[in-house]
**Student:** 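Structure in structure tokens, see below.
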Amino acid sequence: MTKGNSTKITDELYHYMLDHNPPLDEVQRGLVAKTYEKFPDVAGMQSAEEQGPLLAFLVRLTGARHIVEVGTFTGFSTLSMAQALPADGLIVACDVSQEWTAYGREAWEAAGVADRIDLRIAPALDTLRAMPREPHVDMAYVDADKESQIAYWEELVPRLRPGGLIVTDNTLFHGSVLDEAATGAAAGVRAYNEHVAADTRMESVLLAVSDGLTLSRKRTPNP
């Protein structure tokens, strides 16, 4: 099997792409910069710049009003989705760090969308399991510890409405998904990708966006 496209994403081409996407606003760009300033060793956990406009686009495309985010970090992805929500929309944002999310809180307030974000500082599985079991979630964004991703998936899918969307980040995991002897987070991503691909409740595509992005749509029951 051969690749259908051999385009190499050079730095110049990457910036060309960003220049032809919706630009980040002042608050978004400030949050990205502050994340790299305050947390240089882990700033790579922040969603890529091009993913902000993409997540906002998906919120609008799906008409989402109720979003669950698993893994908030400093809140760039949360901010991008919240800005795309209608005024009565809500994101339940799950994280375990008061330190990281404090920067998100500041940005959300500055952008005027803090009332659309319900930040819950607790293990994400506890937060998910406390939610109503019936389908009510329109969209979810999963970007947290990779060893727990299958567990997150199994809590989210039953709560997702038909036609709802799960977006999962880092599903290529720096290329280490090719290593059959992978351990730790890489092994978690490999297992997750296999689990997602085999789940007949959903239809999924894995895309080479940033570090790999999987879009999974809940199938609509046959009439």
**Student:** A side-chain contact here means heavy atoms from C-beta on lying under 4.5 Å apart; do Glu134 and Arg159 qualify?
**Tutor:** no
**Student:** State, with a plain yes or no, whether a side-chain heavy atom of Leu85 is found less than 4.5 Å away from one of Val59.
**Tutor:**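 Leu85 vs Val59: side chains touch.
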**Student:** Show the numbers, then the answer: is there a ring pair (Phe, Tyr, Trp, His ring centres under 6.0 Å) between Phe73 and Tyr103?
**Tutor:** CA-CA 9 Å; Phe73 190 40; Tyr103 292 93; 9.5 Å; no
**Student:** Would you call Glu180 and Arg190 a salt bridge, using N to O less than 4.0 angstrom?
**Tutor:**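 Salt bridge absent between Glu180 and Arg190.
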**Student:** Please examine the side chains of Met81 and Phe76, heavy atoms only from C-beta on, and report whether any two atoms are closer than 4.5 Å.
**Tutor:**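 In short, these two side chains do not touch, never coming nearer than 4.5 Å.
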**Student:** Looking at Lys146 and Asp143, is there a salt bridge between them, counting it only when a charged N and a carboxylate O are closer than 4.0 Å?
**Tutor:**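 Salt bridge present between Asp143 and Lys146.
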**Student:** For side chain to side chain contact (heavy atoms under 4.5 Å, CB included), just list the numbers for Glu99 and Phe39, CA-CA rounded to whole Å, side-chain angles, deciding distance to a tenth of an Å, and then say yes or no.
**Tutor:** CA-CA 10 Å; Glu99 180 185 12; Phe39 307 108; 3.6 Å; yes
**Student:** His136 vs Leu160, test: side chain to side chain contact (heavy atoms under 4.5 Å, CB included). Steps then yes/no.
**Tutor:** CA-CA 6 Å; His136 65 286; Leu160 195 69; over 6 Å; no
**Student:** Check for me, please, whether Val196 and Leu156 land in the same ILVMFWY cluster - side-chain distances under 4.5 Å, paths through other members count.
**Tutor:**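 Same hydrophobic cluster.
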**Student:** Do we see a donor-acceptor contact under 3.5 Å between the side chains of Ser77 and Glu69?
**Tutor:** yes
**Student:** Is His66 close to Val92 at the side-chain level, that is, under 4.5 Å between some pair of heavy atoms?
**Tutor:** yes
**Student:** Measure the spacing between OG1 of Thr78 and OH of Tyr141 and express it to the nearest 0.5 Å.
**Tutor:** 9.0 Å
**Student:** For the side chain of Asp211 and the backbone of His174, is there at least one donor-acceptor N/O pair under 3.5 Å apart?
**Tutor:**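 Yes: the side chain of Asp211 pairs with the backbone of His174.
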**Student:** Shortest non-hydrogen contact from Ala144 to Gly71?
**Tutor:** CB-CA, 4.0 Å
**Student:** For a quick test of reading the model, state the closest non-hydrogen atom pair linking Ala84 to Ala56 and the distance between them.
**Tutor:** CB-O, 3.5 Å
**Student:** Does a side chain donor of either Thr74 or Thr35 reach within less than 3.5 Å of an acceptor in the other side chain?
**Tutor:** yes
**Student:** A side-chain contact here means heavy atoms from C-beta on lying under 4.5 Å apart; do Leu215 and Ser204 qualify?
**Tutor:** no
**Student:** Kindly give the heavy-atom pair with the smallest separation between Leu172 and Ala208, and that separation in Å.
**Tutor:**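 Taking every non-hydrogen atom into account, CD1-CA, 4.2 Å.
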**Student:** Would the number of heavy atoms belonging to other residues, nucleotides or ligands and lying under 6.0 Å from CZ of Phe57 be above 12?
**Tutor:**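 Incorrect, the count does not exceed 12.
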**Student:** Please say yes or no: joined through hydrophobic side-chain contacts below 4.5 Å, possibly via intermediate residues, are Leu125 and Ile150 part of one cluster?
**Tutor:**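 As far as the 4.5 Å side-chain criterion goes, Ile150 and Leu125 are connected within one cluster.
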**Student:** With side chain to side chain contact (heavy atoms under 4.5 Å, CB included) as the test, pick out the partner of Gln149 among Val70, Val189, Asn170.
**Tutor:** Val189
**Student:** Strictly by modelled atom types, are Trp108 and Asp115 linked by a side-chain donor-acceptor pair under 3.5 Å?
**Tutor:**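 Distance-only check fails for Trp108 and Asp115.
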**Student:** Evaluate the side-chain proximity of Val32 to Leu24: yes if any heavy-atom separation is below 4.5 Å, no if none is.
**Tutor:** yes
**Student:** Would you check, one step at a time, whether the test side chain to side chain contact (heavy atoms under 4.5 Å, CB included) holds for Ile67 with Val137?
**Tutor:** CA-CA 6 Å; Ile67 297 172; Val137 175; over 6 Å; no
**Student:** Do Tyr192 and Thr168 have side-chain atoms, one donor and one acceptor, less than 3.5 Å apart?
**Tutor:** yes
**Student:** Give a yes or no answer on whether the side chain of Glu194 reaches the backbone of Ala191 with a donor-acceptor pair at less than 3.5 Å.
**Tutor:**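 Here the side-chain-to-backbone pair does not exist.
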**Student:** State which residue, out of Thr62, Asp138, Thr220, fulfils the side-chain hydrogen bond (donor to acceptor under 3.5 Å, both in side chains) condition with Arg161.
**Tutor:**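 Checked Thr62, Asp138, Thr220 against Arg161; only one passes side-chain hydrogen bond (donor to acceptor under 3.5 Å, both in side chains): Asp138.
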**Student:** Hey, quick one: are Val209 and Leu165 part of the same hydrophobic cluster, counting side-chain heavy atoms closer than 4.5 Å, chains of contacts allowed?
**Tutor:** yes
**Student:** Answer with yes or no whether the side chains of Glu154 and His195 bring together a donor and an acceptor at under 3.5 Å.
**Tutor:** yes
**Student:** So how far is it from Lys218 NZ to Asp199 CG, rounded to the nearest 0.5 Å?
**Tutor:** 9.5 Å
**Student:** Given the rule that I, L, V, M, F, W and Y join up when any side-chain heavy atoms are under 4.5 Å apart, are Ile91 and Leu55 in one cluster?
**Tutor:**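 In one cluster: yes.
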**Student:** Please check if Ile166 and Leu207 belong to a single hydrophobic cluster, counting links between Ile, Leu, Val, Met, Phe, Trp and Tyr side chain heavy atoms closer than 4.5 Å.
**Tutor:** no
**Student:** Quick one: does any side-chain atom of Gln28 pair with a main-chain N or O of Asp25 as donor and acceptor, under 3.5 Å?
**Tutor:**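 Yes.
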**Student:** Where do Ala182 and Ser176 come nearest, in terms of heavy atoms and distance?
**Tutor:** CB-O, 4.1 Å
**Student:** Looking just at side-chain N and O atoms, do Ser148 and Asp145 make a donor-acceptor pair shorter than 3.5 Å?
**Tutor:** yes
**Student:** Would you name the heavy atoms of Gly184 and Glu147 that are closest together and state the gap between them?
**Tutor:**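 Heavy atoms only, the tightest pair is C-OE2, 3.5 Å.
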**Student:** Cut-off 3.5 Å, side chains only: do Tyr36 and Gln46 have a donor facing an acceptor?
**Tutor:**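 Note: Tyr36 and Gln46 side chains miss the donor-acceptor criterion.
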**Student:** With a 4.5 Å cut-off on side-chain heavy atoms, are Leu213 and Asp169 touching?
**Tutor:** yes
**Student:** Decide side chain to side chain contact (heavy atoms under 4.5 Å, CB included) for Val68 and Met131; before the verdict, give the C-alpha distance in whole Å, the side-chain angles of both, and the deciding distance to 0.1 Å.
**Tutor:** CA-CA 10 Å; Val68 176; Met131 291 180 178; 3.8 Å; yes
**Student:** I need the Asn193 CG to Thr171 OG1 distance, nearest 0.5 Å.
**Tutor:**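 It comes to 5.5 Å.
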**Student:** State which residue, out of Arg201, Met202, Glu203, fulfils the side chain to side chain contact (heavy atoms under 4.5 Å, CB included) condition with Ser216.
**Tutor:**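 Answer to the side chain to side chain contact (heavy atoms under 4.5 Å, CB included) test with Ser216 among Arg201, Met202, Glu203: Met202.
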**Student:** Is any side-chain heavy atom of Val167 less than 4.5 Å from a side-chain heavy atom of Leu58?
**Tutor:**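 The answer is yes; the side chains approach within 4.5 Å.
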**Student:** Using every non-hydrogen atom in the two residues, find where Val27 and Ala107 come nearest and quote the distance to one decimal.
**Tutor:**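 What the structure gives for the nearest pair is CG1-O, 3.4 Å.
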